Amino acid sequence: MSWHLYILSSLFIIAGILHFIKPKAFMRIMPLYIPYHKRIVYLSGVAEISAGIGVLFIQTKTIALWGIVIMLILFFPVHIHMLMNKKAGLNLPKSILGFRLLLQFGLIYWAYQYI
């Protein structure tokens, strides 16, 4: 297995764990039109951890990578909301928020190339 997959796996496991350590930070960045913020934060945390672990096993690698691609696509509204809403943007510069949005495309490509 490529060392790139270990890094990808680690990123998603760590991000998923952060959903449980700092759930309010994740709820703060969610658009208001999305219901059940707390529940979605915890579910997405579980999904990220599961996908991160799934990438490490041949039997689950493909489904985990598809899960990562789908999650990253589903996270676009959050990144757009952060870019358009100052409070949700955590007072980060627009250039950083724009870069984070573009980074999603890179992460999608990264995961997709191993499917």
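Throughout, residue positions are numbered sequentially from 1 according to the sequence presented. Since we're looking at a predicted model, the values are computed, not measured.
Rounding to the nearest 0.5 angstrom, the gap separating the CZ atom in Arg28 from the CG atom in Asn85 is 9.5 Å. The distance from atom NZ of Lys87 to atom CE of Met82, rounded to the nearest 0.5 Å, is 13.5 Å.
By the 6.0 Å contact criterion, CG on Leu102 is enclosed, its count of non-hydrogen atoms from other residues, nucleotides or ligands being greater than 12. Heavy atoms from other residues, nucleotides or ligands lying under 6.0 Å from CZ of Phe105 number 12 at most. Atom CE of Met1 has more than 12 heavy atoms from other residues, nucleotides or ligands within 6.0 Å. Under a cut-off of 6.0 angstrom, the local environment of NZ in Lys22 is sparse, with at most 12 non-hydrogen atoms contributed by other residues, nucleotides or ligands.
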TODO: Evaluate the side-chain contact (heavy atoms from CB on, under 4.5 Å) criterion for residues Phe75 and Leu107: first the C-alpha distance (whole Å), next the side-chain angles of each, then the deciding distance (0.1 Å), finally the verdict.
DONE: CA-CA 12 Å; Phe75 294 162; Leu107 291 170; over 6 Å; no
task: Would you please test Glu48 and Ile13 for side-chain contact (heavy atoms from CB on, under 4.5 Å) and show each step?
output: CA-CA 6 Å; Glu48 287 182 354; Ile13 292 170; over 6 Å; no
Note to self: Would Leu101 and Phe76 count as a side-chain contact (heavy atoms from CB on, under 4.5 Å) here? Give the steps.
What the structure shows: CA-CA 7 Å; Leu101 183 60; Phe76 272 114; 3.5 Å; yes
Test side-chain contact (heavy atoms from CB on, under 4.5 Å) on Ile40 and Met30; report intermediate values, then the result.
CA-CA 10 Å; Ile40 290 174; Met30 290 180 68; 3.7 Å; yes
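Note on Tyr112 and Ile58: separate hydrophobic clusters, where clusters join Ile, Leu, Val, Met, Phe, Trp and Tyr whose side-chain heavy atoms are under 4.5 Å apart, directly or indirectly. Note on Tyr109: it does not cluster hydrophobically with Tyr6, by side-chain heavy-atom contacts below 4.5 Å among ILVMFWY residues. By the criterion of side-chain heavy atoms lying less than 4.5 angstrom apart, applied directly or through intervening Ile, Leu, Val, Met, Phe, Trp or Tyr residues, Val55 is grouped together with Ile7 in one hydrophobic cluster. Linking Ile, Leu, Val, Met, Phe, Trp and Tyr residues whenever their side-chain heavy atoms come within less than 4.5 Å leaves Leu43 and Leu18 in two separate clusters.
Contact record, Tyr114 with Ser2: OH-OG, 3.6 Å, taken as the closest heavy-atom pair. The two residues His79 and Arg100 have their closest heavy-atom pair at CE1-NH2, 3.2 Å. Of all the heavy atoms in Leu92 and Leu97, the pair that sits closest is O-CD1, 3.7 Å. Here the closest heavy-atom approach between residue Val69 and residue Ala111 is recorded as CG2-CB, 3.9 Å. Across every non-hydrogen atom of Val41 and His19, the tightest pair is O-CD2, 3.1 Å. In this structure, Phe26 and Ile29 approach most closely via the heavy-atom pair O-CG1, 3.2 Å.
Pairs engaging residues 32-43 under the side chain to side chain donor-acceptor pair (under 3.5 Å) rule: none recorded [sequence neighbours left out].
Hydrophobic side-chain contacts under 4.5 Å tie Leu74 into a cluster, directly or through other members, with Ile70.
Side chains of Trp110 and Leu11 form a contact here, defined as non-hydrogen atoms less than 4.5 Å apart.
Not one N or O on the side chain of Ser9 forms a donor-acceptor pair closer than 3.5 Å with the backbone of Leu5. Using modelled atom types, one side-chain atom of Gln104 and one backbone atom of Leu72 make a donor-acceptor pair closer than 3.5 Å.
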Indicate every side-chain donor-acceptor pair of residues 60-68 with a distance under 3.5 Å to a residue at least two apart or in another chain.
unit_1: Thr60; atom_1: OG1; unit_2: Gly54; atom_2: O; d: 2.7
unit_1: Thr60; atom_1: OG1; unit_2: Phe57; atom_2: O; d: 3.4

